[in-house]
Structures are given as C-alpha cells and as structure tokens.
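Working notes, structure below.
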Protein chains: 2
Amino acid sequence: MSSSGGVVRRSLLDDLAASMLALIADRKLSSGDQFESVRSLADRFKVAVPTVREALRRLEATGAVELRHGSGVYVGPHVGRLVLANPLAPTPSADRLVELLQARALIEPPVAAVAARVRTEAALQQMERDLAAAAELVETGDHAGLAEVNMDFHRSLAQASGNATLAEVVESVTVVNVREQLEILHIHGDRQTDLDEHRAIHAAVLAGDSELAERLTREHLDGVLAVINERVNPPQDPSTP
Amino acid sequence: MSSSGGVVRRSLLDDLAASMLALIADRKLSSGDQFESVRSLADRFKVAVPTVREALRRLEATGAVELRHGSGVYVGPHVGRLVLANPLAPTPSADRLVELLQARALIEPPVAAVAARVRTEAALQQMERDLAAAAELVETGDHAGLAEVNMDFHRSLAQASGNATLAEVVESVTVVNVREQLEILHIHGDRQTDLDEHRAIHAAVLAGDSELAERLTREHLDGVLAVINERVNPPQDPSTP
DNA sequence: AATGACCAAGTGATCTGATCATTTTCATGT
DNA sequence: ACATGAAAATGATCAGATCACTTGGTCATT
C-alpha cells in the first residue's frame with residue numbers, strides 16, 4: 001500500500017506538470033530563461049506531444065512557463081508564486097470594482113507602514129523611476145500609460161516591504177483590467193494630485209516614517225475610492241425619494 | 001476589421017478559452033454544474049479534440065472548470081475569481097512560511113474589523129459550524145483535520161466581511177500547503193488555546209465589536225507567528241557565538 | 001422486493017503521426 | 001559589413017484511433 005497514506009491516483013498530467021516544475025527548479029532556471037522544446041520534453045518523459053502540451057498549458061495558465069511560437073518554451077514570470085491574479089478574470093463589474101478598491105484601501109496602508117520600516121533599496125529606486133515616468137506621462141497626457149505606471153508605483157511600494165507574499169497580494173489586486181473598467185466608467189481623478197500624493201508617500205517611506213506612510217496611503221486610496229463611489233452609487237438626493 | 005481596436009493577434013487557444021468561458025456565463029452555469037463534453041465542444045467550435053483539451057487545461061488551472069475522467073467537464077469552484085492561490089505552488093520554505101504568516105497578520109485583523117461591522121449572516125453560521133467541527137476534532141485528536149478546519153474558520157471570517165475580493169485574498173493566503181509545512185516543522189500551538197481564541201473572535205464579530213475583533217485577530221496571528229518564528233529562527237544564545 | 005454482479009454506452013486520457021505557421025539561424029551574395 | 005533568403009528548429013493544429021474510468025441499467029441471486 002501507499003506509504004504516504006494519500007491516494008496514489010494522481011494522473012499522468014499531474015506527474016508531468018510537477019516533474020517539469022521540478023526540472024526547472026533543479027536547473028535553477030528563472031524567469032525568462034529558455035526551457036526545453038515540446039518534442040524533447042515528450043521524449044524525456046516518454047509521453048506523447050499532446051500530453052506534454054496539456055501539461056504546459058496548465059503551467060502556462062499560472063505564469064510558470066511561456067510558449068512562444070517558433071521560438072521555444074520559456075520560464076514564465078510567475079514561477080514559484082503563491083498568490084496570483086486570475087489571468088482569465090473578466091473585466092470586473094462596477095460593484096466588484098468598488099469591492100476591489102475597498103480591499104486595497106484596507107490592505108495597502110499597513111503594507112506601506114512595513115515598507116517604511118524595511119525600505120528595500122532596490123524597491124525605493126524603482127519607486128523613484130515610477131514617479132519619474134509618471135511625471136513624464138502627466139506631461140504628455142498619455143492617460144492609459146499613466147494609469148499603468150501608477151499601478152506600478154503601488155506594486156513597487158509593496159516590494160519595499162521586503163515581504164514577497166505581501167508584494168504578490170498587492171500585485172494581484174492591482175490588476176490592469178481595472179484600468180479598462182475605470183475608462184469605461186470615465187472615472188478620472190486629478191492626475192497631478194495623484195502624482196503629488198504618490199510623491200508624498202515615497203518621501204514618507206524614504207524617511208522611515210511608517211505612521212505617515214500608512215496615513216498618506218490610506219488617504220490616497222480613500223480619495224480614489226470616494227471618487228469611484230460617487231460615480232457608481234450617485235449620492236441620493238433626499239428631496240427626490 | 002476588429003471593432004475593439006485591440007490587436008487581433010490572439011491565438012486560437014485564447015479565443016477558445018474565452019469563448020468557453022463566455023458559454024458558461026451565457027448559460028448561467030455555476031460551480032459544480034456539468035458543462036459539455038470535450039467532443040461536443042470540439043464539434044461546436046470546429047476545432048480538433050487536442051486543441052479543446054489544451055484550452056480546457058488552461059481553464060482548469062485557474063479552477064474555472066474541472067475534468068472528471070469518465071464523467072464529463074464541470075464548472076469549477078473558482079470561476080470568475082479575481083485573486084487565487086497558485087495551484088502549482090510548491091510547499092513553501094521556512095522563510096516563505098514566516099513571510100506568509102506576516103502577511104496574514106497584517107491583512108486579516110482589519111478584515112476581521114470589517115467583518116464585525118458587516119456580519120454577513122451566512123458567514124456567521126459558517127463560522128459556528130467551523131467552531132463546532134474544530135471542537136469535535138480537538139476531542140478526536142485529528143490534528144490534520146483540525147488544521148484544515150482552523151483555516152476554514154479564517155476563511156469564513158473573511159467571508160463575513162461581505163467583500164468577495166477580501167475573501168479571495170484571505171483564502172489565497174490560507175493555502176493548505178501550509179499545513180504540510182507546519183507538520184514538517186513540527187509546529188503545534190496549543191490546540192485548545194487556538195480554539196478558544198477563535199471562539200473569542202467569533203463572539204466579537206457577533207457582537208459587532210470591530211475594534212475587539214481586530215485586536216483579537218491580531219493577537220491570535222501574532223501568537224502563531226511567534227511560535228513559528230521561534231522554530232525557524234531559534235533565539236540566539238549569546239554565550240555560544 | 002432488495003441486493004449485488006455484470007454489462008454497455010458515454011466520456012475523458014493518451015497515443016501516433018502528420019502538416020502548417022512562426023521564429024531563428026546562418027550561409028550566401030552584393 | 002550588410003542585406004537577403006533558404007533551411008532548420010519549434011510551436012500550433014489537425015485527424016483518427018485506442019485505452020481507462022464512470023455511470024446507469026439489466027438481470028440473476030438472495
């Protein structure tokens with residue numbers, strides 16, 4: 001009988017996917033490295049090509065690998081992550097958007113506080129680059145690009161906490177789909193204000209003032225949330241019930 | 001030409017996966033419902049069986065569908081989610097485990113506070129069921145089962161916040177892999193104490209005392225974190241450098 | 001009538017082998 | 001040195017076949 005007590009039922013595919021991940025780990029491959037061709041994998045594991053491809057699709061779905069037509073199989077950007085944004089998630093509804101922002105307003109301020117205490121060097125520099133890029137895009141009026149860079153800032157802030165799991169959580173809730181949704185709803189805060197607030201947060205983190213960083217981040221996200229709430233749930237006029 | 005203005009480069013597989021999700025949405029299928037056979041899908045979309053299977057594997061990886069051998073294709077438990085735990089994640093290292101707990105200790109207390117304000121009815125009842133199950137398992141000494149039910153309690157707590165995104169985040173960071181890791185490290189807090197603390201949190205939420213719920217949750221998780229930290233980073237003895 | 005063994009249809013899992021499409025490489029010619 | 005274009009490597013898709021598992025019904029046994 002099985003020694004682990006568990007059922008040995010794992011399908012060929014489960015084994016395959018696990019083996020391929022193990023292979024990547026053994027070779028110490030990391031994001032962007034080329035892996036191995038589909039055919040050679042099929043040969044190595046003594047299975048047919050379509051089977052290998054199914055296993056690869058599974059890995060691909062979580063960002064563990066990438067399949068580039070005509071080029072090869074590569075290690076993906078999310079290999080080894082614990083929490084991810086659902087890559088198949090549809091553009092969220094307005095309600096879901098509010099929920100998402102509420103979640104961020106709850107999670108990110110404490111993360112900023114930690115970031116101010118830890119201050120990972122690389123992340124600080126990344127924040128500065130994000131701010132510079134944002135300033136540039138405010139000038140040129142590239143609103144779509146600006147929205148992305150602003151998200152990048154929040155992710156870099158989370159990186160500064162030095163906690164990879166926290167960074168993954170924040171990255172997961174700062175998904176880009178949201179940008180589309182914001183544009184659909186024609187929600188735009190004052191872009192210069194956003195930039196100023198981001199700069200203030202960065203300064204607080206740089207100074208190691210965790211309380212200030214937390215408060216500024218909370219105020220910033222609450223502000224965004226207020227704008228969105230106003231759009232999604234227009235304030236009731238008491239005179240017209 | 002394309003009406004959406006986006007790049008039309010999406011591969012056949014992207015279209016397939018998206019179409020199948022749309023089909024599920026159109027039919028208003030939800031978790032557990034039977035979908036459609038692989039062969040009929042291949043027929044419907046005029047593609048070969050292996051292609052359909054690749055697309056299904058992609059959906060399967062995010063919990064959008066399930067393939068049951070000999071039975072059929074079913075809608076999965078995570079369809080429509082925004083944030084998920086990486087289903088392919090390896091059992092985390094000790095360091096990663098500490099990070100994960102730190103993240104939970106940061107995120108869950110404010111969630112508990114919201115839960116105490118909102119108090120979703122169904123979630124409250126679920127918490128009670130979890131507590132009852134936990135009490136049972138404390139008696140029978142089923143430690144593995146107990147660890148799972150304790151995780152369930154934290155998930156139910158997050159559910160009570162009424163914010164699906166928050167619940168998804170909490171579920172993602174309360175992955176079961178951690179149980180294995182805890183057992184590997186032989187980390188066990190006092191099980192009766194855990195149960196008592198969970199009961200106290202539940203009571204605070206039930207009473208709508210958000211400050212208390214937050215504090216209790218924080219103390220609870222900090223306690224767990226302290227135990228783990230002690231194991232992973234044994235306190236330095238100054239007399240033996 | 002209830003139970004259990006057995007069979008058959010439906011369905012997923014895997015294989016084989018081929019062909020098409022894209023990328024990359026590299027020899028060739030200017 | 002550079003541009004060109006063929007050739008090789010590689011992923012994408014197809015077609016059809018066979019194996020394995022689940023399920024529901026049949027039928028004999030109790």
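Bear in mind that the values here come from a model prediction, so they are computed numbers and not experimental data. In what follows, every chain begins at residue 1, and chains take the letters A, B, ... in the order their sequences are listed.
Along DNA chain C, the nucleotide closest to A/Tyr74 and the one closest to A/Glu54 are compared, and the more 5′ of them pairs with A/Glu54. Toward the 5′ end of DNA chain D lies the nearest nucleotide of B/Pro50, the other residue of the pair B/His69 and B/Pro50 mapping further downstream. Residues B/Gly72 and A/Gly70 each lie close to DNA chain C; by heavy-atom proximity, the contact nearer the 5' end of the strand is made by B/Gly72.
Ring planes of B/His154 and B/His220: parallel class, angle under 30° (limits at 30 and 60°).
Rounded to whole angstrom, the span from the NZ atom of B/Lys46 across to the P atom of D/dC14 amounts to 12 Å. Separating the CD atom of A/Gln34 from the P atom of C/dT23 is a distance of 15 Å, rounded to the nearest angstrom. Between the C1' atom of C/dT14 and the CG atom of A/Leu16 lies a distance of 11 Å, rounded to the nearest Å. Distance, B/Arg58 CZ to D/dA12 C1': 12 Å, rounded to whole Å. Atom CG of B/Leu13 is separated from atom C1' of C/dT22 by 16 Å (rounded to the nearest Å). If you measure from atom CG of A/Leu56 to atom C1' of D/dA12, you get 13 Å, rounded to the nearest angstrom. Rounded to whole Å, atom P of C/dT14 lies 13 Å from atom CZ of B/Arg39. Nucleotide C/dT14 holds its P atom 17 Å from the CZ atom of A/Arg57, rounded to whole Å.
Contact annotation: B/Arg68 does not reach the phosphate of D/dT23 (side-chain N/O to OP1 or OP2, under 4.0 Å). OP1 or OP2 of D/dA12 sits under 4.0 Å from a side-chain N or O of A/Arg53. Contact annotation: A/Thr51 side-chain N/O to C/dC15 OP1/OP2 distance is under 4.0 Å.
In this structure, B/Arg191 does not pair ionically with B/Asp194, as no charged nitrogen and carboxylate oxygen lie closer than 4.0 Å. Using a 4.0 Å cut-off between charged nitrogen and carboxylate oxygen, B/Glu99 and B/Arg96 count as a salt-bridge pair.
Remark: B/Arg104 engages B/Glu108 in a salt bridge (charged side-chain N to carboxylate O under 4.0 Å, His left out) (not counting sequence neighbours).
The side chain of A/Ala48 lies closest to C/dC15, out of D/dA15, D/dA12, C/dC15. The side chain of B/Ser71 has D/dT23 as its nearest neighbour among C/dT22, C/dT16, D/dT23. Closest approach to the A/Val38 side chain among C/dG12, D/dT13, D/dG11 is made by D/dG11 (side chain taken as heavy atoms from C-beta onward).
Each of B/Leu67, B/Thr51, B/Leu16 was evaluated against B/Leu56; a single residue qualifies, B/Leu67, per the side chain to side chain contact (heavy atoms under 4.5 Å, CB included) test.
As judged by a 4.0 angstrom heavy-atom cut-off over every strand, B/Val73 is placed among residues touching the sugar-phosphate backbone only.
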